[in-house]
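Report on one structure; see the data block that follows.
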Amino acid sequence: MAAPDELFCWEGDWGLPSVSTDCLVVLAYAQFAGAPLKLRKISNPWRSPSGSLPALRTNQKETLSRPSDIIIHLRKQKFNADYDLSAKEGADSLAFISLMEEKLMPALIYTFWIEPKNYVDVTRRWYAEHMPFPLNFFLPGRMQRQQLEKLRLLRGDERLEAGEELEKELYRDAVECMNLLSQRLGSHKFFFGDSPSSLDAYVFGHLAPILKCKLPNGKLQQHLKSLDNLTNFCTNILQLYFPKDGRESFSQKTSSQSEGGDFDHVPNKRRKQFLSALVALGAMLSYALLTGMVSIQHAHHEALEEPPDLQDIGSHHDHEDEGDG
Amino acid sequence: LAVTIAAFVPAEPWPENATLYQPLKEDQILLSDCASSLAVQAYLRMCGLPVQVVYRANAEYMSPSGKIPFIHVGNQVVSELGPIVQFTKAKGHSLSDGLDDVQRAEMKAYMELVNNMLLTAELYIQWCDDSTATEISRPRYSSPYSWPLNKILAYQKQWEVRRKMNAIGWGGKTLEQVYEDVSQCCQALSQRLGTQSYFFNKQPTELDALVFGHLFTILTTRLTSTELAERIKSYSNLLTENNISVSLSPLLVHSFLLSFPRL
């Protein structure tokens, strides 16, 4: 059997297998369709074959980036979660996916990347903590600029900035979209029948981050939690298809509570403290030596020369005395 | 102020002098704008709301959102089909009142499908396909202006559309893939329509207006290749959807056909 394709995606947190919507869509679809993928959860997009995440490296060494392309590829490999759908249901899938991309995605971008409090307190901090040195200094900022640019182009407004009015507009569209999804789902377990399809993967990918991530400005989360059927839909999928990730977050929460404080999240704390103390000591010593505040060899010389001086004076006096007498 | 007044006075009458603005019909307007404009005109006619069409070279700049078309009603200016539908609803005219919640959800989803796939494909073909952009889009877009403004505006618009395509992930698509997306979109619409005359309930809704606007324009506009029109023609039940034109004034259809003499 051919080697499985490799999927590179963002690491997970808050009880989710991944923090990025696109990665969640692909992961969920792969689980629904039973596709065996070699999972590589990384937090460094530069290590992905396409430079961005998610990325699928097929065994023909081809790299796919768009979630829709990855799903089409998996379908061609006979991993098709939409096999049982009727033609009309397939058409409805396409329509609702478009609805989410037009109405929900801009609000997601705003709430995670543009809203000032959310970005600084949660998003930037998460990416800076999880990315390796030295990417954590500039990459989150660059990603934020890219997302702002994307939102500007989507809205067709070059001078778009974070603000009350924009937030109200975007959230209104998102709330309407969530209501429509809730109406369509009704009391069913999945959108079409008893087994999940690609539409379920897309809905899960868009709603799960809103549901699980604790943001300072959580208006979207509030509204989502008021829609019981959508909340149950997400938790259901997490329990059924991603049980490990749910458990991981629970243990993480308890361990962080026992340690207390955010500083303990820094890995290799002792080593970093020791290294920084060493560097500081070394800097101070070299400064002292170079400016001459502390000079070891000179002090030695002066100590040897002083007694001869005293002796010279003493012998000079003696000679004088002898000279006179 | 006018909006708050409308909230208190039920169904403020539609004025006689309502106008719809779009770019110049003969030389300037492009496929995507023409489709959007026809969709709005069809919708207003279905609601029985009279509107006068005015052609202005700078219609795009006059529009509050930068998109075509926009309507000027009383002292309000509203652009794009979505907001215009809401505006007419506030005035008491609506085509989708008879739909239940699930149907309304589906209608909104299918309208977004058309915007997301069909309109984006039209923009891609117009501006990202080099031959179409050079032979048709850039000359038409900048026709009212003299050198060097025409060159600057045309390239600026092209650059803006290409950036948007990159941002939404369409930048890496080939023309063939875009035609595939159009086929997929038409297939979805065709499936939803089935054998009915309209998408919902034997009566036309804003979705019918939107689909009509796009399909009619694609079929009657000359591009560098006929691939797009051919793809649509293969979904025959969508073509007979154009029997909507029976419910519209024949004058509208006739005047539209006149504006595309090259077909």
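So that the names make sense, note that chain A is the first sequence line, chain B the second, and so on, each numbered from 1. Being a predicted model, the structure only gives us computed values, none of them experimental.
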Quick check for you: to the nearest 0.5 Å, what is the distance between [X] atom [atom1] and [Y] atom [atom2]?
X	Y	atom1	atom2	value
A/Glu101	B/Asn116	CD	CG	5.0 Å
B/Lys108	A/Asn179	NZ	CG	10.0 Å
B/Glu106	A/Leu99	CD	CG	11.5 Å
A/Leu94	B/Arg192	CG	CZ	14.0 Å
B/Arg162	A/Leu153	CZ	CG	14.5 Å
A/Arg184	B/Asp101	CZ	CG	12.5 Å

With the side chain counted from C-beta on, respond yes when [X] and [Y] share a heavy-atom pair under 4.5 Å apart, and no when they do not.
X	Y	value
B/Gln191	A/Asp92	no
A/Glu149	B/Arg163	yes
B/Leu113	A/Phe96	no

Quiz item: Quick one: of B/Cys185, B/Ala188, B/Gly194, who has the most non-hydrogen atom pairs under 4.5 Å with chain A?
Solution: B/Ala188
Exercise. Examine whether an atom of B/Met111 lies under 4.5 Å from a heavy atom of chain A, and if so say whether it belongs to the side chain, the backbone or both; otherwise answer neither.
Key: neither
Other residues, nucleotides and ligands only: do more than 12 of their heavy atoms fall within 6.0 Å of [atom1] on [X]?
X	atom1	value
B/Gln203	CD	no
A/Lys88	NZ	yes
A/Asp194	CG	no
A/Glu164	CD	no

Quiz item: Which heavy atom of B/Met117 sits nearest a heavy atom of A/Ser98, and at what distance?
Solution: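 Closest approach of B/Met117 to A/Ser98, heavy atoms only: CG-OG, 4.5 Å.
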Self-check item: Heavy-atom donor-acceptor pair, A/Arg66 side chain to B/Gly169 backbone, under 3.5 Å
Solution: yes
Quiz item: Measuring heavy-atom distances to chain B, does A/Gln183 have an atom under 4.5 Å in its side chain, in its backbone, in both, or in neither?
Solution: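 Contact with chain B involves both backbone and side-chain atoms of A/Gln183.
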Quiz item: Does any heavy atom of chain B fall under 4.5 Å from the side chain of A/Glu176, the backbone, both, or neither of them?
Solution: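 The side chain, not the backbone.
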